[in-house]
Amino acid sequence: MVELKSDTALAAMREAGRVVGNALAAVQQEAAIGVSLLELDEVARGVLAAAGASSPFLGYRPSFAPVPFPAVICASVNDAVVHGVPDGYRLRDGDLVSIDCGAVLDGWCGDAAVSFTVGTARPEDTALIAAARRALEAGIAAAVVGNRLGDLGYAVGAVARAGRYGMLEGFGGHGIGRRMHEDPHVPNEGRPGRGFPLRPGLVLAIEPMLTAGGRGDYRTDPDGWTLRTTDGSRAAHMEHTVAVTEDGPRILTLP
Ligand code: MG
Ligand code: MG
């Protein structure tokens, strides 16, 4: 069931989203050669704690997961696409890092992700990240009253296709509210004019995941969480929580 949020709820979700935006900004600021993924998780934990927020990631255990998620961020490096579990790995020159973070504040959730490089970037990584950002921006621009989910997915997918990037089949965004994952599923592909109609108060996490390899094939690490490209190509993941309003799309997860 899809729940439309009131203006009061959107204001509360903006505060939860702000914590997420602040946490991601702090993590990106701290990320450097030699810093470990566990240290980045600590940075995010500090931001959430200071804001009085909890983590919807920590202890999260969907049906596919063999163990509860042990951190407040997902940290996916290079060929890891999403759901990377932070560990003692220390960032190296040229790494492509995707950080996903959530927060719960006053019962409302926010969810966002950002990709960036550490040290000297490979030009192809910079281009991949820029494409993922453009795909997210295209999805946000399509999150307007009168459009349908198919329009949004088409907008995201068109950017990926134009760059000959791959996407993970079946993976995409989601509705969000009091729970991190709510209806509807938000595909990163779509047919214009088809699917669920976008209405004021609909809040969606829009999250393109692009792989440099055009096929988008992936496998799961033995940890049961980390999704990695099978061809070893690098991936980028960008996400915002976005409200559909009469005044246009409203990004709720900016710092
Ligand atoms: Mg996320
Ligand atoms: Mg999400």
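We count ligands from 1, going down the list as the structure has it; atoms in each ligand are counted the same way.
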Of all N/O/S atoms in E239, the name of the one nearest the Mg ion (ligand 2): OE2
Validation row: R178, W108 side chains within 4.5 angstrom (heavy atoms): yes
F196 vs V2, side chain to side chain contact (heavy atoms under 4.5 Å, CB included): CA-CA, chis, key distance, verdict: CA-CA 10 Å; F196 189 83; V2 174; 3.7 Å; yes
H174 N/O/S atom closer than 2.8 Å to the Mg ion (ligand 2): yes
Distance-minimising heavy-atom pair for S76 and G84: OG-N, 3.0 Å
Electrostatic pair R18:E15 at N-O distance under 4.0 angstrom: yes
Atom name, D100 (N, O or S, nearest to the Mg ion (ligand 1)): OD1
Metal-centred angle, the Mg ion (ligand 2) as apex - OD2 of D111, OE2 of E207, 10° resolution: 170°
